[in-house]
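This report refers to the structure that appears directly beneath it.
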Amino acid sequence: DAGITQSPRHKVTETGTPVTLRCHQTENHRYMYWYRQDPGHGLRLIHYSYGVKDTDKGEVSDGYSVSRSKTEDFLLTLESATSSQTSVYFCAISESIGSWLDTQYFGPGTRLTVL
Amino acid sequence: GESVGLHLPTLSVQEGDNSIINCAYSNSASDYFIWYKQESGKGPQFIIDIRSNMDKRQGQRVTVLLNKTVKHLSLQIAATQPGDSAVYFCAEKAQGAQKLVFGQGTRLTINP
């Protein structure tokens, strides 16, 4: 998984509770991404980061926030989890934009269930 | 556990045959394309990529073909093996864009 770890790998939580997912990379890549994957929707971008403290929204960012205080860590927070946020969450990294090195490599995923 | 769509298009092939998986894209400004393989319970795995200035690129047992005229991408897998069973999906990116756009995927099953 290209030097990417995600934690936790599985989590069950209750509606209204805060949840933080962590993505850690050992590749020193500049770009990091959070996606969710749901049946019938494929992979959808939640947020991404193009450097430490530099983040931007994706197509399904409502209800999610992110932070990147170090190159190697990208955190995804659900401030108040809802059942619609039950999903599999994937982190991805890429080295640069506009070159052969901008392939995105994915982590193993976190399965989140909100009851 | 299953982590991809339950009603994806499915391609069934005999072990040892060649597989061809197709992908149509809509953005004529897309200039970079990637094929990913996703096994059950795992993250997407990079297989091969291609730029729009090429129409064919080969890897180990895989070939990607790009037809920009009809905005079509295909992945050919030679001598399909049981380990090739997975969901395959393409992704495209426009020049300068920071986001990939992913297709829904095709489930490849191998018959012994």
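Convention: sequence-line order gives letters A, B, ...; per-chain numbering from 1. These figures come from a predicted structure and were not determined experimentally.
B:Gln38 CD to A:Leu43 CG: the interatomic distance, rounded to the nearest 0.5 Å, is 6.5 Å. Atoms NZ and CD, from B:Lys93 and A:Gln104 in turn, are 9.0 Å apart once rounded to the nearest 0.5 Å. A distance of 16.0 Å separates CZ of A:Phe106 from NZ of B:Lys42, quoted to the nearest 0.5 Å.
In terms of hydrophobic clustering, with Ile, Leu, Val, Met, Phe, Trp and Tyr side chains grouped at heavy-atom distances under 4.5 Å, A:Val60 and A:Leu76 are assigned to a common cluster. Residue B:Leu66 is not grouped with residue B:Val101 when hydrophobic side chains (ILVMFWY) are merged at heavy-atom distances under 4.5 angstrom, including chains of intermediate members. Both B:Phe46 and A:Tyr31 are part of a single hydrophobic cluster, where members link through side-chain heavy atoms under 4.5 Å apart.
Using a 4.5 Å heavy-atom threshold, the side chains of B:Phe102 and A:Leu45 count as separate.
The number of heavy atoms from other shown groups lying within 6.0 Å of CD (A:Glu14) does not exceed 12. The number of heavy-atom neighbours closer than 6.0 Å to CD of B:Gln60, taken from other residues, nucleotides and ligands shown, is 12 or below. Surrounding NZ of B:Lys68 are more than 12 heavy atoms belonging to other residues, nucleotides or ligands, all under 6.0 Å away.
Here the closest non-hydrogen pair linking B:Gly43 and A:Phe90 is CA-CE2, 3.2 Å.
Using a 4.5 Å cut-off between heavy atoms, A:Arg36 makes no contact with chain B at all. Looking at B:Leu100, both its backbone and its side chain come within 4.5 Å of chain A, counting heavy atoms on both sides.
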